[in-house]
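Along the sequence shown, residues carry numbers from 1. Atoms within a ligand are numbered from 1 in the order they appear, just like the ligands themselves. Worth saying up front: this structure is predicted, and the values here are computed from it rather than measured.
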Amino acid sequence: MTSTYPVWGWGRPEEAPATAELEALAPAAQALLGFPLQAPERPAPPPDLPAPRLQAPAALDPIAACEPLDRARHALGRSYRDLLRGLRGRIDHPPDLVLRPRTEAEVTRVLDWCAGAGVAVVPFGGGTSVVGGVEPAVGDGFPGVVSLDLGALAGVAELDRVSRAALVLAGTTGPALEAALKPHGLTLRFYPQSFERSTVGGWLATRAAGHFSTRATHVDDLVESIRMVTPAGVWASRRLPGSGAGPSPDRLALGSEGILGVVTEAWLRVRPRPAWRAAATVAFATFEAGTAAVRGLLHAGIEPATCRLVDAAEAALTGTLATGEAPLVLGFESAGPPLDAELAAALQACVDAGGRVLDEGAARDAGAGWRASFLQAPYLRERLVLLGVLAETFETAVTWERLASLVARVRQATTAALAAVCGAGTVTCRLTHAYPDGAAPYFTVLAPARRGAELEQWAEVKAAAAEAVLAAGGTITHHHAVGRDHRPWYDRQRPAPFAAALRAAKAAVDPAGVLNPGVLLDAAR
Ligand SMILES: Cc1cc2nc3c(=O)[nH]c(=O)nc-3n(C[C@H](O)[C@H](O)[C@H](O)COP(=O)(O)OP(=O)(O)OC[C@H]3O[C@@H](n4cnc5c(N)ncnc54)[C@H](O)[C@@H]3O)c2cc1C
């Protein structure tokens with residue numbers, strides 16, 4: 001049977017989890033999670049899709065595909081909902097065609113055809129959206145929908161060593177970008193957890209955040225200029241280190257999630273690769289004590305590259321610390337002189353705030369182990385889902401004075417929803433990013449799912465969590481984007497005049513309303 005792993009899985013085809021491997025994993029996972037797991041689920045056979053409603057014009061034929069598994073792969077992102085539906089062969093909204101432009105001219109040709117024929121077009125980078133951003137759920141107002149896969153528009157086109165910037169094509173994945181920069185001793189130093197599969201265009205379109213906790217957290221901070229093709233023409237900003245010339249064209253393109261145009265390339269700020277790294281872990285009696293310590297660090301002007309505070313339950317589950325304390329994982333790195341003084345000052349501040357230093361040491365690759373387990377998480381998640389675990393994450397950000405009440409409220413609401421819907425389950429929290437005025441709490445939900453009812457179960461839990469986030473003053477997303485799934489809460493969060501301005505901007509550059517309908521705004525037809 002043809003494997004459907006590319007439709008729902010994270011790894012290469014040969015990395016699809018085998019039943020024997022899942023059976024071996026189950027006892028330890030069950031002991032750790034504290035609720036019963038189920039027999040490994042066998043993925044459904046490849047889905048039967050309705051025939052494509054569209055045929056590409058001759059000029060686009062060389063870049064068009066309509067093979068069913070390819071269409072199914074482009075029908076889903078990588079949220080829990082996506083993973084489950086992919087596993088079960090449930091492809092609710094397949095694109096009619098997948099188009100893979102190799103040049104910007106071909107992107108323009110695709111948009112010309114789609115705008116003229118009223119065909120919806122969904123830009124697709126790595127397809128790692130966790131918010132329904134790439135699912136062609138565009139409503140009934142279109143004669144068809146294409147998934148515009150930017151994967152062939154990849155590579156580093158130019159390197160400016162004088163200004164330390166690289167011109168990167170939109171479809172470039174994290175590993176491909178770093179591999180191209182490495183021989184030059186340079187790095188973008190941007191590592192979202194989806195690094196392996198996500199693309200530069202996707203990062204820009206979603207305002208992604210990397211794993212570094214402070215300073216340049218979002219990709220926004222690394223952008224010098226963006227080039228985006230819209231149905232109304234090319235939107236290209238000038239390369240500048242900074243500019244006060246009115247509202248920024250880059251800032252409007254950032255986070256536009258494919259509704260204003262297709263990002264084809266961007267100049268990004270690169271830097272020398274770090275030569276020195278050091279890491280330490282400090283244990284706090286409570287998560288609250290740890291948050292006070294993190295706030296103290298930021299207020300003292302100490303900004304560790306890694307500054308992740310993990311609650312005791314998550315620390316135990318991930319094997320980070322099993323003492324019932326909340327560990328703060330600290331990491332410093334430098335491309336110049338060692339930062340021993342900063343590390344010492346951070347540790348002293350943590351001790352003054354009641355922390356207990358667990359280990360400490362300068363090591364050239366201290367962060368490597370942590371990074372490897374961080375990047376393994378998507379592989380573990382799909383294995384847990386196959387064993388019947390409802391496994392999902394969500395994140396927000398809030399100012400310090402409201403952080404404790406937000407975390408308490410979200411924990412309480414989500415745990416209550418899990419108890420009602422799943423009968424058990426855990427909600428854990430870590431701080432992933434820290435700012436002088438607040439932080440980004442990131443929640444992980446693990447619960448026993450009821451086979452066949454998972455989508456309804458997750459919808460209830462997600463709604464309870466999102467309501468609590470909004471009521472406690474947080475944002476519906478710190479970096480996972482809005483897509484289609486976060487619309488109900490995003491619509492309530494944004495100011496009404498801003499929504500009107502965004503609608504007007506879209507109408508100006510996409511008058512036919514064909515670009516990613518339903519994302520950020522309602523479809524205009
Ligand atoms: C396991 C896992 C871990 C994750 N970790 C992180 C994380 O650490 N930080 C983080 O920020 N996010 C994370 N995400 C979410 C996701 O990876 C990000 O949103 C990422 O930026 C998406 O990139 P992509 O190339 O996969 O884009 P896609 O998923 O293909 O697309 C995302 C959105 O951008 C649009 N888009 C894509 N390319 C273009 C383009 N060239 N022009 C215009 N629009 C475009 C799409 O239409 C869609 O709306 C994670 C997701 C998973 C599954």
Where on N516 is there a heavy atom closer than 4.0 Å to ligand 1, on the side chain, on the backbone, on both, or on neither?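 It is the side chain that gets close, since no backbone atom is under 4.0 Å.
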Report yes if some N/O of [X] lies less than 3.5 Å from some N/O of ligand 1; otherwise report no.
X	value
T199	yes
V130	no
G126	yes
R207	no
Q193	yes
G125	yes
R78	no
V262	no

Where is the nearest protein heavy atom to [atom]: which residue, which atom, and how far?
atom	value
atom 27 (O) of ligand 1	G202 CA, 3.5 Å
atom 35 (C) of ligand 1	A205 CB, 3.8 Å
atom 51 (C) of ligand 1	T128 O, 3.4 Å
atom 1 (C) of ligand 1	P378 CG, 3.6 Å
atom 48 (C) of ligand 1	G133 O, 3.5 Å
atom 29 (O) of ligand 1	S129 N, 2.8 Å
atom 32 (C) of ligand 1	T206 CG2, 3.6 Å
atom 9 (N) of ligand 1	A209 O, 2.8 Å

Could you tell me whether ligand 1 has any atom less than 4.0 Å away from a heavy atom of G127?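 Within the 4.0 Å threshold, so yes.
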Give a yes/no verdict on whether any heavy atom in Y191 is under 4.0 Å from an atom of ligand 1.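 Distance cut 4.0 Å: Y191 fails for ligand 1.
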Could you pull out the closest heavy-atom pair between A170 and V263, with the gap in Å?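 So the two residues come closest at CB-O, 3.0 Å.
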Please determine whether a side-chain nitrogen of the Lys or Arg among [X] and [Y] lies less than 4.0 Å from a carboxylate oxygen of the Asp or Glu.
X	Y	result
R189	E333	yes
D250	R238	no
E392	R381	yes
D522	R487	yes
R90	D82	no
R73	E67	no
E106	R100	no

Show your reasoning for whether side chain to side chain donor-acceptor pair (under 3.5 Å) applies to W203 and T199. CA-CA 6 Å; W203 299 344; T199 63; over 6 Å; no
Under 4.0 Å from a heavy atom of [X]: which atoms of ligand 1 are those, numbered in the order shown and with their elements?
X	result
W203	21 (O)
G201	38 (N), 39 (C), 41 (N)
A170	41 (N)
G261	43 (C)
P192	7 (C), 8 (O), 9 (N)
G258	43 (C), 44 (N)
F124	30 (O)

Evaluate the criterion salt bridge (Lys or Arg N to Asp or Glu O under 4.0 Å) for residue pair R411 and D311; output intermediate values, then yes/no. CA-CA 12 Å; R411 262 190 215 284; D311 75 8; 2.9 Å; yes
Y435-T214 side chain donor-acceptor pair, cut-off 3.5 Å: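 Looking only at side-chain atoms, T214 and Y435 do not form any donor-acceptor pair under 3.5 Å.
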Going by atom types only, do T173 and E196 share a side-chain donor-acceptor pair under 3.5 Å?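 Not at all, the side chains of T173 and E196 share no donor-acceptor pair under 3.5 Å.
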What distance separates T230 OG1 from I259 CD1, expressed to the nearest 0.5 Å?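 Those atoms lie 12.5 Å apart.
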Contact check, side chains of V7 and L69, non-hydrogen atoms, under 4.5 Å: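 Yes, their side chains come closer than 4.5 Å.
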Does H478 have its ring centroid less than 6.0 Å away from the ring centroid of H218?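 Between H478 and H218, the centre distance is under 6.0 Å.
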Geometric class of the H211/Y191 ring pair [parallel <30°, tilted 30-60°, perpendicular >60°]: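 It falls in the parallel class, under 30°.
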Nearest option to atom 12 (N) of ligand 1, as decided by whichever heavy atom of H479, R484, E257, E395 sits closest: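 Ranked by closest heavy atom to atom 12 (N) of ligand 1, first place is H479.
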